[in-house]
Amino acid sequence: MTETRYNPFTLEPEWQKRWNDKNVFKTDTSGTKPKYYVLEMFPYPSGKIHVGHARNYIVGDVIARFKRAQGYSVLHPLGWDAFGMPAENAAIKNKVHPGKWTHKNIEEMKTDLNLFGLSIDWDRELATCEPNYYKHQQAFFIDMYKKGLVYSKEAHVNWDPVDQTVLANEQVVDGKGWRSGAPVERRTMKQWFFNITRYADDLLNDLEGLTEWPEQVRTMQANWIGRSEGLTFTFDVTGPEGQYADGMKVYTTRPDTIMGVTFCSVAPEHPLAAETAKNDDSAAAFIKECQGLGTSEEAIEKAEKKGYKTPFTAKHPITGEDVPIYIANFVLMGYGTGAVMAVPAHDERDYAFAKKYDLPIKQVIEAPQGTEVEADAAYTGAGTLVNSAEFNGLDNDKAKSAVIDWFEAKNIGERTVNYRLRDWGISRQRYWGTPIPFINCDKCGTVPVPKDQLPVQLPEDVEITGHGGNPLDLHPSWKHVDCPECGGKAVRETDTMDTFVDSSWYYARYTCVDSDLPLDPEAVNHWLPVDQYIGGIEHAVLHLLYARFITKALKEVGYVNVKEPFKALLTQGMVLSPCYRDSKGEYINPLDVIAHSDGTATHKETGEKLEVLSNEKMSKSKNNGVPPKPLVETYGADTLRLFSMFCAPIERTLEWAESGVDGAWRYLGRVWGLVNEAGFSLDDYDVNKHLLIDDISDKKLKDLKRKIHKTIRKVTSDLEKMQFNTSVAACMELANTLGEYRNTQDETAQLLYKEGVASLLRVLNPVAPHITEELWKQLGQTTWLVEEEWPGYDENAVKDDEITLVIQVNGKLREKLTVAADISKEDAEKEALTAVEPHIAGLTVRKTIVVPGRLVNIVAN
RNA sequence: GUCUGCGUAGCCCAAUCGGUAGAGGCAAAGGACUUAAAAUCCUUCCAGUGUGGGUUCGAGUCCCACCGCAGACACCA
């Protein structure tokens with residue numbers, strides 16, 4: 001055999017071309033094999049990929065290749081989450097149309113991703129910005145509207161008065177628009193909503209069935225949905241003009257504390273607050289001040305609890321006593337009824353508020369004997385009711401029901417379920433998104449665009465300046481249309497959809513990218529649910545909750561049969577890398593930085609000393625993304641793939657360090673050497689000429705045979721459990737063992753060596769597909785591994801005939817014996833006692849524990 | 001503050017049901033090869049599992065408390 005060097009730079013493109021030319025990754029739709037749908041969360045085409053993306057797509061590819069070998073018909077597509085703000089920002093900066101920018105980025109990213117040798121069926125590629133995609137989204141949006149799953153209403157938003165747009169909460173920094181720097185206003189505007197709360201219970205209850213999801217994600221979703229049970233009732237309210245007709249509806253999860261109510265609070269947006277402000281300028285000022293806070297969580301957290309006393313009082317439903325009503329900055333209009341009964345003795349916020357405004361505090365729950373109760377604080381724990389008239393003496397948990405029953409019996413209140421989850425506001429005053437397919441007519445109201453007029457396509461001739469408002473609204477002609485119902489003059493809705501809508505159904509569209517329907521029933525019901533979904537933990541709530549909701553909505557509308565889209569979920573840990581900043585405050589990419597051993601860092605070119613910040617998730621804004629391309633250019637794709645899978649468990653957060661890449665490279669070099677530097681010829685390897693373990697007499701060679709088959713077993717089960725790092729370690733072990741026989745002259749050993757190398761190539765193939773194909777060819781094989789079946793192992797060859805028996809005395813290791821694997825309990829005990837005789841001399845054996853195949857523990861004293 | 005996850009060798013990480021703490025890799029040191037270096041190969045070194053209790057014949061693994069790190073949520077009445 002001629003000795004050649006491992007050169008991935010020629011062999012990787014060659015094999016990629018061969019696979020593509022033969023179209024081996026095209027989805028098999030013959031229906032003869034069981035289906036397996038593996039999907040990685042699709043990328044936003046920012047143009048640049050970093051090693052975090054690489055890890056995501058590589059792990060999906062390993063699974064896809066493994067399942068394909070196991071005989072599944074695998075669907076493994078990829079597309080682009082192509083709408084969104086970065087394209088518009090680029091348009092503002094570079095005067096390039098968002099579509100053009102996006103498509104250029106898609107080309108770049110696709111080229112980069114293809115370097116990894118991914119087994120993707122590119123015939124199913126889609127981009128959400130294409131009319132052929134979003135027209136279907138508009139179609140089912142209208143269907144959902146007809147079922148009441150979509151509606152529009154006035155809602156509070158963060159409004160940037162300079163950029164003239166609504167901002168998401170995360171786009172508000174310190175109460176100011178992230179780009180304009182202008183103080184954000186809280187405004188009320190007409191917004192489109194998905195009625196996600198209608199499915200709150202389903203979304204919560206169905207989490208139980210998602211047994212192949214990480215517990216963490218299920219918990220996070222459950223918390224996000226935030227179901228609570230309580231009591232809703234209405235206080236009679238008296239004001240300066242007598243009885244206030246509407247009263248004040250409140251929701252409480254602590255009806256047991258009803259007798260401790262000493263005042264009430266309402267949100268600044270509550271009608272009673274508005275009523276107060278009518279004739280009271282300082283009340284109006286107070287409300288304005290609260291709204292100036294913005295809606296960011298940080299701002300709310302820092303705010304001191306403040307209130308403003310209204311001229312209204314509420315009549316306690318049980319005692320008939322009048323209690324004051326305050327406007328309070330911490331009461332949220334969007335949760336419950338926007339008004340709360342305040343029980344300062346048993347609620348921390350109410351306690352702080354009562355102390356500040358010198359309001360009475362009435363204890364109604366007594367802590368159980370022996371509980372330490374903090375002084376000068378609300379007691380929020382369990383206990384027995386006191387000062388509560390007929391409810392006295394009740395355990396507070398039972399009192400909850402008793403109080404609710406009391407209200408229900410009198411028909412003045414009811415048991416209520418409440419959710420933290422709110423309806424999903426999807427309106428964005430943006431150009432680069434899916435147009436909401438509605439027309440606003442003065443006469444007919446909000447009218448859906450007739451389906452035969454879809455798509456409502458984005459106009460190409462727009463100027464995107466970043467100020468003055470939504471380019472669709474400013475466009476001279478686009479929005480002016482005739483009303484589809486009365487034919488009169490009307491205007492299009494100019495809001496576009498949140499891009500999370502686009503990404504909530506793409507996985508279904510992949511099953512039928514060419515269909516004229518939004519979803520082809522046969523295809524979508526065949527392939528869904530996704531058998532294995534893979535993505536970053538950062539999407540644990542929003543994307544995954546939205547996608548689950550849209551699936552349920554699509555089911556209700558009649559497009560799919562499944563109620564959950566993703567059967568199993570693998571959450572890949574984030575990939576972090578260090579952040580550096582120069583004196584101007586600019587982030588410097590780690591590639592341009594020399595990190596010194598003392599923890600300081602300097603710029604590679606300028607030599608400037610840099611500020612070293614903590615490790616953060618790779619991102620554009622921190623400029624700390626490490627691109628995989630240079631690694632592929634230095635080591636080849638297989639090394640990157642191997643390293644990505646090996647360096648840590650896939651779900652664990654990874655601090656990117658390249659120091660291990662060399663190890664992966666060296667390993668592949670050794671695998672190459674197993675074939676190319678063996679002391680004998682391997683190119684006559686015969687798949688059908690494997691020695692059986694019983695036909696091998698040499699003990700060491702029996703062990704070699706065992707090693708081969710144990711490796712196959714381990715890699716198979718590790719891949720099934722998504723333990724990629726240990727599966728690679730097993731391959732390394734086998735290679736190390738085989739290395740000992742590289743120059744063997746023994747004929748039996750040579751046969752086993754060939755079997756070992758061949759087995760190694762097959763089990764390593766999903767992780768390192770190129771090198772293993774090439775070496776497989778060098779074994780004289782005419783098949784391709786990509787089309788080969790996954791190897792099985794010989795049950796007989798994974799059984800040990802000897803084991804190490806550990807002998808403990810009182811739990812301490814004393815001896816190790818090599819014994820037959822099938823040794824009986826009695827014999828094991830007997831041998832153990834003999835072996836440790838010196839250690840138990842003079843002691844009485846009290847007990848002997850025998851763990852078959854493992855150890856004997858002798859308890860003696 | 002609440003919830004979740006994680007703390008094992010200088011570093012990244014293994015360790016079925018509770019049963020020999022070490023599989024794999026990085027780094028380091030020594031050696032081989034080389035005119036030399038790189039590359040490669042060989043050998044070696046290193047912890048008793050964050051801390052304190054408990055259960056058990058036996059705890060990295062189970063229970064309790066605490067500490068540290070990470071993430072999510074956070075005035076949700």
Side-chain angles (χ1 to χ4, degrees), chain A residues 5 214-224 226-228 230 250-254 257 264-265 267 297-298 300-303 305 328-332 334-343 346-350 352-353 418-422 537-538 540-541 571 573-574 576 614-615 617 642-643 646-649 651-655 657-667 669-670 673 677 714 717 723 725-736 739 804-816 846-860:
Chain A
R5 287 194 134 236
E215 187 61 44
Q216 191 191 1
V217 175
R218 292 192 286 168
T219 309
M220 280 162 72
Q221 293 218 349
N223 290 342
W224 187 268
R227 184 183 196 274
S228 69
V250 296
Y251 168 73
T252 180
T253 56
R254 294 294 305 270
T257 62
C264 289
S265 331
E297 283 155 12
E298 202 189 352
I300 291 168
E301 182 192 0
K302 283 181 186 157
K305 294 196 185 352
N329 63 346
F330 62 86
V331 179
L332 307 171
Y335 183 80
T337 60
V340 296
M341 62 177 221
V343 185
H346 306 291
D347 181 282
E348 282 166 27
R349 294 153 304 178
D350 296 341
F353 196 90
N418 219 321
Y419 300 93
R420 204 184 80 94
L421 180 71
R422 298 182 215 170
I537 183 74
E538 64 272 25
V541 176
T571 48
M574 291 187 281
L576 314 180
S614 60
N615 283 348
K617 178 183 186 284
L642 187 85
F643 177 67
F646 176 65
C647 58
E651 68 279 1
R652 195 170 300 183
T653 301
L654 178 69
E655 299 194 3
E658 255 162 61
S659 54
V661 181
D662 274 326
W665 164 257
R666 279 199 287 266
Y667 172 66
R670 280 202 297 279
E677 287 160 37
K714 176 150 179 68
S717 72
Q723 290 170 0
N725 54 329
T726 50
S727 94
V728 172
C731 291
M732 288 177 166
E733 262 186 81
L734 178 57
N736 290 346
T804 305
L805 193 66
V806 171
I807 319 297
Q808 297 179 335
V809 177
N810 294 329
K812 282 200 185 90
L813 174 66
R814 291 301 183 198
E815 288 294 334
K816 290 182 192 178
R846 301 287 173 196
K847 199 172 172 186
T848 315
I849 291 119
V850 181
V851 182
R854 290 224 175 251
L855 63 69
V856 179
N857 187 15
I858 296 157
V859 185

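First the proteins, then the strands, lettered A, B, ... as listed; each starts at 1.
- A/Gln216 places its CD atom 8 Å from the C1' atom of B/A72, with the value rounded to the nearest Å.
- Using Watson-Crick or G-U wobble geometry with both donor-acceptor distances under 3.5 Å, B/G1 finds its partner in B/C73.
- For B/C17, the O4'-C1' to base torsion is within 90° of 0; the nucleotide is therefore syn.
- Residues A/Val331 and A/Ala267 come closest through the heavy atom pair O-CB, 3.3 Å.
- With both ends at atom C1', the span from B/C17 to B/C11 equals 32 Å, rounded to whole Å.
- Pairing of B/A28, defined by two Watson-Crick or G-U wobble distances under 3.5 Å, is identified with B/U44.
- The closest donor-acceptor contact from the side chain of A/Asn857 to the backbone of A/Gly811 lies under 3.5 Å.
- Nearest nucleotide to the A/Val340 side chain, out of B/U20, B/C75, B/A77: B/A77.
- Applying the 90° cutoff around 0 to the glycosidic angle, B/G48 is assigned syn.
- Taking the C1' atoms as reference points, B/C75 lies 27 Å from B/C69, given to the whole Å.
- Of the candidates B/C73, B/G71, B/U20, B/G71 carries the atom nearest the A/Met574 side chain, counting heavy atoms from C-beta on.
- A/Tyr335 has a side-chain polar atom (N or O) that falls below the 4.0 Å cut-off from OP1 or OP2 of B/A77.
- If you check every strand for non-hydrogen atoms under 4.0 Å, A/Glu348 touches nothing.
- No engagement by A/Ser265 is indicated, since no non-hydrogen atom pair under 4.0 Å with the nucleic acid exists.
- At B/U20, none of the side-chain N or O atoms of A/Lys816 fall inside 4.0 Å of OP1 or OP2 (strictly under the cut-off).
- For the pair A/Arg218 and B/U4, the criterion of a side-chain N or O lying under 4.0 Å from OP1 or OP2 is not met.
- B/A38 and B/C45: their C1' atoms are spaced 25 Å apart (whole Å).
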Give each protein N/O atom lying under 3.5 Å from an N/O atom of nucleotides 27-33 of chain B, with the pair distance.
{"unit_1": "B/A27", "atom_1": "OP2", "unit_2": "A/Arg666", "atom_2": "NH2", "d": "3.1"}

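- Counting non-hydrogen atoms under 4.0 angstrom, A/Gly226 reaches nothing in the nucleic acid.
- Residue A/Asn725 has a polar side-chain atom (N or O) positioned under 4.0 Å from OP1 or OP2 of B/A14.
- Atom P of B/C76 sits at a distance of 44 Å from the matching atom of B/A59, rounded to the whole Å.
- Listed by chain and number, the residues in a side chain to side chain contact (heavy atoms under 4.5 Å, CB included) with A/Arg670 are A/Arg666, A/Tyr667, A/Asn736 (sequence neighbours excluded).
- A distance of about 44 Å separates the P atoms of B/G52 and B/A39, rounded to the whole Å.
- Across B/A77 and B/G68, the matching C1' atoms stand 34 Å from one another, rounded to whole Å.
- Within 4.0 Å of A/Pro214, counting heavy atoms only, lies no atom of the nucleic acid at all.
- Comparing A/Ile849 and A/Val331 by the nucleotide of RNA chain B whose heavy atom lies nearest to each, the residue mapping closer to the 5' end is A/Ile849.
- Using a 4.0 Å cut-off, some side-chain N or O of A/Arg670 falls inside it from OP1 or OP2 of B/G25.
- The side chain of A/Ala729 sits closest to B/A23 out of B/A23, B/C57, B/C75.
- Considering only side-chain atoms of A/Arg422, the nucleotide from B/C13, B/G19, B/C76 that sits closest is B/C76.
- Closest contact between the side chain of A/Thr219 and the listed nucleotides B/C3, B/A14, B/C73 involves B/C3.
- Looking at the side chain of A/Asn223, the nearest of the listed nucleotides B/C3, B/A14, B/U20 is B/C3.
- In this structure, A/Arg652 does not reach the B/A70 phosphate: none of its side-chain N or O atoms is under 4.0 Å from OP1 or OP2.
- Atom CG of A/Leu855 is separated from atom P of B/C17 by 16 Å (rounded to the nearest Å).
- In the set B/U20, B/A77, B/G24, B/G24 carries the atom at the smallest distance from any side-chain atom of A/Phe646.
- Within the nucleic acid shown, A/Asn736 comes within 4.0 Å of sugar-phosphate atoms alone, with no base atom in reach, counting heavy atoms only.
- Annotation: of the two residues near RNA chain B, A/Glu215 and A/Ala648, the 5′-most nearest-nucleotide partner is A/Glu215.
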